[in-house]
Number of protein chains: 2
Amino acid sequence: MTKEDARDCCDMRGMLGFLILFLLSKKPMHGQELAGEIANRKGEKKPSPGTIYPALKSLRESGFIVEERDGKTIVYSLTERGENALKLAKRKFVKTFFGVFQD
Amino acid sequence: MTKEDARDCCDMRGMLGFLILFLLSKKPMHGQELAGEIANRKGEKKPSPGTIYPALKSLRESGFIVEERDGKTIVYSLTERGENALKLAKRKFVKTFFGVFQD
DNA sequence: TTATATATATCGCATATCCAATATTATTAT
DNA sequence: ATAATAATATTGGATATGCGATATATATAA
């Protein structure tokens, strides 16, 4: 059983927006901090700039997050609209994957 | 806040293989039964045949599931290899989404 | 000011994902 | 045997996803 086997059925493609929204709801962060947190959780290398910034841009364009420059970095945090979207998405997520966290 | 907002950040694209593997680990099922279970959990209509059967085929080709004809239907269940892959995938999933199930 | 380092942004692309439509197979009813 | 029903299988294609490469911006150091 190789590491690849796990990825084959769970690469989590498509969950990036949700994961970002969730992480930012716990703590506003700048892009690289966020990328590091994602890398930690997934046990992979940091998602590339071409992954993280377009994802953030998309969330901003949906009105889910706002950006605030803080020195060299930009801190991203949820809007109220983002909080609501996350709440709905979490509900669906929990319902869909109910039981996975057991055992 | 519309229903679309939730999908925008959590359509779970890419998690189908994982979800199928998880569901079959709880109970061997045939394709349509599986599709129904997925529909229930996601609160959507049943994934189309063009979604579910290629996904099952892929899992079979990876050696994660086996098929056994039972009258009109085919019952899918996990192989040992599938069990192991699921265990690894669950570990990663839990680590990645730790905290989402809280509150 | 200039150079360096780091964060952010964008673009093009390979690939994955899922769906609609259609075809096939197997079972059951007539 | 034939028709009707339901499950399974396949194919083509539209779209989404995330990466690598590259460019830009900002701050700090020299």
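Here is the naming used below: chain letters follow the sequence lines, and residue numbers restart at 1 for every chain.
You'll find that the side chain of B:Lys72 is closest to D:dA6, out of C:dA9, D:dA6, D:dG18.
Of the two residues near DNA chain D, A:Thr73 and A:Pro47, the one whose nearest nucleotide lies more 5' is A:Pro47.
Within a 6.0 Å radius of CD in A:Glu67, more than 12 heavy atoms belonging to other residues, nucleotides or ligands are found.
The CD-C1' distance, from A:Glu67 to C:dA9, rounds to 10 Å in whole Å. Between the CD atom of A:Glu44 and the P atom of D:dT17 there is a distance of 17 Å, rounded to whole Å. When the P atom of D:dA7 is taken as reference, atom CG of B:Leu56 falls 14 Å away, rounded to whole Å. Note: CD1 (A:Ile52) to P (C:dC11) measures 18 Å, nearest angstrom. In this structure, the CG atom of B:Leu19 is 14 Å from the P atom of C:dT17, given to the nearest Å. Across the protein-nucleic acid pair, A:Met15 atom CE and D:dG18 atom P stand 10 Å apart, rounded to whole Å. Protein atom OH of B:Tyr53 is 18 Å distant from nucleotide atom C1' of C:dT17, rounded to whole Å. Going from atom CZ of A:Phe18 over to atom C1' of D:dA16 covers 18 Å, rounded to whole Å.
When all heavy atoms of A:Ser62 and A:Arg81 are compared, the pair lying nearest together is O-NE, 2.9 Å. Closest approach of B:Ala35 and B:Pro47 over heavy atoms only: O-CD, 3.5 Å. Of all non-hydrogen atoms in B:Leu56 and B:Gly31, the two that sit nearest each other are CD1-CA, 4.3 Å.
The aromatic rings of A:Phe22 and A:Phe18 lie parallel to each other, their planes meeting at an angle below 30°, with 60° marking the opposite boundary. Note on ring orientation: taking the six-membered ring where Trp is involved, the planes of B:Phe101 and A:Phe93 are perpendicular (angle over 60°, cut-offs 30° and 60°).
Within residues 24-34 of chain A, no residue is approached by DNA chain D to less than 4.0 Å at the level of any non-hydrogen atom.
Residues A:Val75 and A:Leu24 are members of separate hydrophobic clusters, defined by side-chain heavy-atom contacts under 4.5 angstrom among Ile, Leu, Val, Met, Phe, Trp and Tyr.
Between B:Glu44 and A:Lys92, at least one side-chain nitrogen of the basic residue sits less than 4.0 Å from a carboxylate oxygen of the acidic one, meeting the salt-bridge criterion. At a threshold of 4.0 Å, the pair A:Glu37-A:Arg41 counts as salt-bridged, since one of the basic side-chain nitrogens sits closer than that to a carboxylate oxygen.
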Just the table, please: protein N/O against nucleotides 20-25 of chain D N/O, every pair under 3.5 Å.
from   : atom 1 : to      : atom 2 : distance (Å)
D:dG20 : N7     : A:Ser48 : OG     : 3.4

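Between B:Lys57 and D:dA9 there is no side-chain N or O to OP1 or OP2 distance below 4.0 Å.
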